[in-house]
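Counting from 1, the numbers follow the sequence of the chain as shown. Bear in mind the structure is a predicted one, so any value in this text is a computation, not a measurement.
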Amino acid sequence: TQLEIPGITLHFWLEKWNEEWKEGHIQQLRAVGENVFVLQAHTKNGNMEWVIRLPGLITESTRKWVPLASQPAWIRSAKKFLENARIEQIVQEGLDRILRVECNQVTLIIELFGAGNFLIADKQNRILVAQDAREWKGRILKKNHEYKPPLGPTAWNQLPQNADEIFSTPQHHTVGRWAVTRLGVPAVLSRDWIENGCKLNPQSETLSQKEWLVLRAWLEK
């Protein structure tokens, strides 16, 4: 079973990473194994590293990683855009498993879902480099196309005002399913979270405005 970091966990790490990495400079992005990469930056706190194992894991690292002798072509293409780029901020797409390392000239986008992906986009959000170029209905991840994130989990300050909005897309059949897909709550926790935290039925396919206000207030708190 592939381990995946929940979007809500990324949300809590983001403040720490911004404090440590902001105004730092990217030194390198290198492959160190099959689908394993290390992003290194020089910051006010010294050298910092993330190890990223696609499709779904990212963490800090202090281990001595040895880059592969032969680097993937996309990393060689990314080198001219990333090395010595100044980090302005690190942001998350809503509560989705997507991190954007926004630099002075480009943005490094790390997708930690599905098969995983690295992309580099310019300030107009136009893709310059894609680790894995893909195309399907409604979404194109290829050079010279605009980067558009998928519909994913929503941050707390973006929650809808009305209960009927949470069932506005086909994949949200139940309150529990909505919590997983739109808030990033791990599926194994969604039942306990809704039943005990909000006193609601996670299998319910309807939600009154009063029930939604209770749930919304609990989430914001």
Side-chain angles (χ1 to χ4, degrees), residues 4-5 7 9-61 65 67-68 71-135 139-150 152-153 155 184:
E4 294 183 346
I5 186 170
T9 301
L10 287 178
H11 174 81
F12 289 119
W13 283 358
L14 208 59
E15 183 177 354
K16 176 180 185 293
W17 287 343
N18 259 309
E19 171 62 26
E20 294 175 343
W21 288 61
K22 190 174 182 179
E23 300 302 326
H25 290 78
I26 292 177
Q27 292 181 310
Q28 61 179 11
L29 173 64
R30 295 290 185 269
V32 297
E34 184 178 359
N35 290 325
V36 183
F37 306 88
V38 168
L39 179 68
Q40 185 181 75
H42 182 71
T43 74
K44 61 187 178 184
N45 299 311
N47 290 342
M48 307 290 293
E49 286 187 348
W50 281 342
V51 59
I52 302 138
R53 182 184 295 274
L54 296 183
L57 289 177
I58 181 172
T59 189
E60 298 172 354
S61 175
W65 294 91
L68 297 180
Q71 292 289 307
W74 73 270
I75 283 189
R76 297 196 297 270
S77 297
K79 180 177 180 180
K80 65 179 180 181
F81 297 111
L82 290 182
E83 293 197 352
N84 208 39
R86 178 172 53 82
I87 300 169
E88 296 179 339
Q89 64 176 343
I90 304 171
V91 300
Q92 182 182 12
E93 293 282 358
L95 283 181
D96 212 341
R97 290 170 290 166
I98 301 174
L99 286 181
R100 296 176 60 99
V101 182
E102 298 185 348
C103 302
N104 52 325
Q105 297 294 330
V106 298
T107 297
L108 172 64
I109 302 165
I110 307 171
E111 295 190 341
L112 297 167
F113 61 90
N117 211 346
F118 286 90
L119 304 109
I120 298 174
D122 63 17
K123 287 298 186 180
Q124 288 70 49
N125 226 25
R126 181 175 57 92
I127 296 172
L128 303 171
V129 177
Q131 176 206 8
D132 189 0
R134 303 171 189 162
E135 180 176 354
R139 198 158 186 250
I140 301 175
L141 299 180
K142 291 183 177 180
K143 186 177 180 180
N144 295 324
H145 287 267
E146 180 184 1
Y147 175 77
K148 295 181 179 180

Flag the pair Q28 / E83 as yes when at least one side-chain heavy-atom distance between them is below 4.5 Å, and no otherwise.
-> yes
Does any donor atom in the side chain of N35 or R53 lie under 3.5 Å from an acceptor atom in the other side chain?
-> no
With side chains defined as the heavy atoms from C-beta onward, is the minimum distance between I58 and L10 less than 4.5 Å?
-> yes
Tell me, do N125 and R100 make a side-chain contact under 4.5 Å, heavy atoms counted?
-> yes
Within-4.5 Å side-chain heavy-atom neighbours: Q40 and W65 | no
If we only count heavy atoms from C-beta on, is the L108 to L39 side-chain gap below 4.5 Å?
-> yes
Below 4.5 Å, heavy atoms only, C-beta onward: do I110 and W50 meet side chain to side chain?
-> yes
Mutual orientation of the aromatic rings belonging to W74 and F118 [parallel < 30°, tilted 30-60°, perpendicular > 60°] = parallel
Roughly how far apart are W13 CH2 and E60 CD, rounded to 0.5 Å?
-> 7.5 Å
Taking the side chain as every heavy atom from C-beta outward, state whether E88 and N104 have any pair of such atoms under 4.5 Å apart.
-> yes
For the student: nearest non-hydrogen atoms of L112 and L57, plus distance | CD2-O, 4.0 Å
So do the side chains of L141 and D132 get within less than 4.5 Å of each other, counting heavy atoms only?
-> no
Return yes when atom NZ of K44 has more than 12 non-hydrogen atoms of other residues, nucleotides or ligands closer than 6.0 Å, and no otherwise.
-> yes
Does atom CD of E23 have more than 12 heavy-atom neighbours from other groups under 6.0 Å away?
-> yes
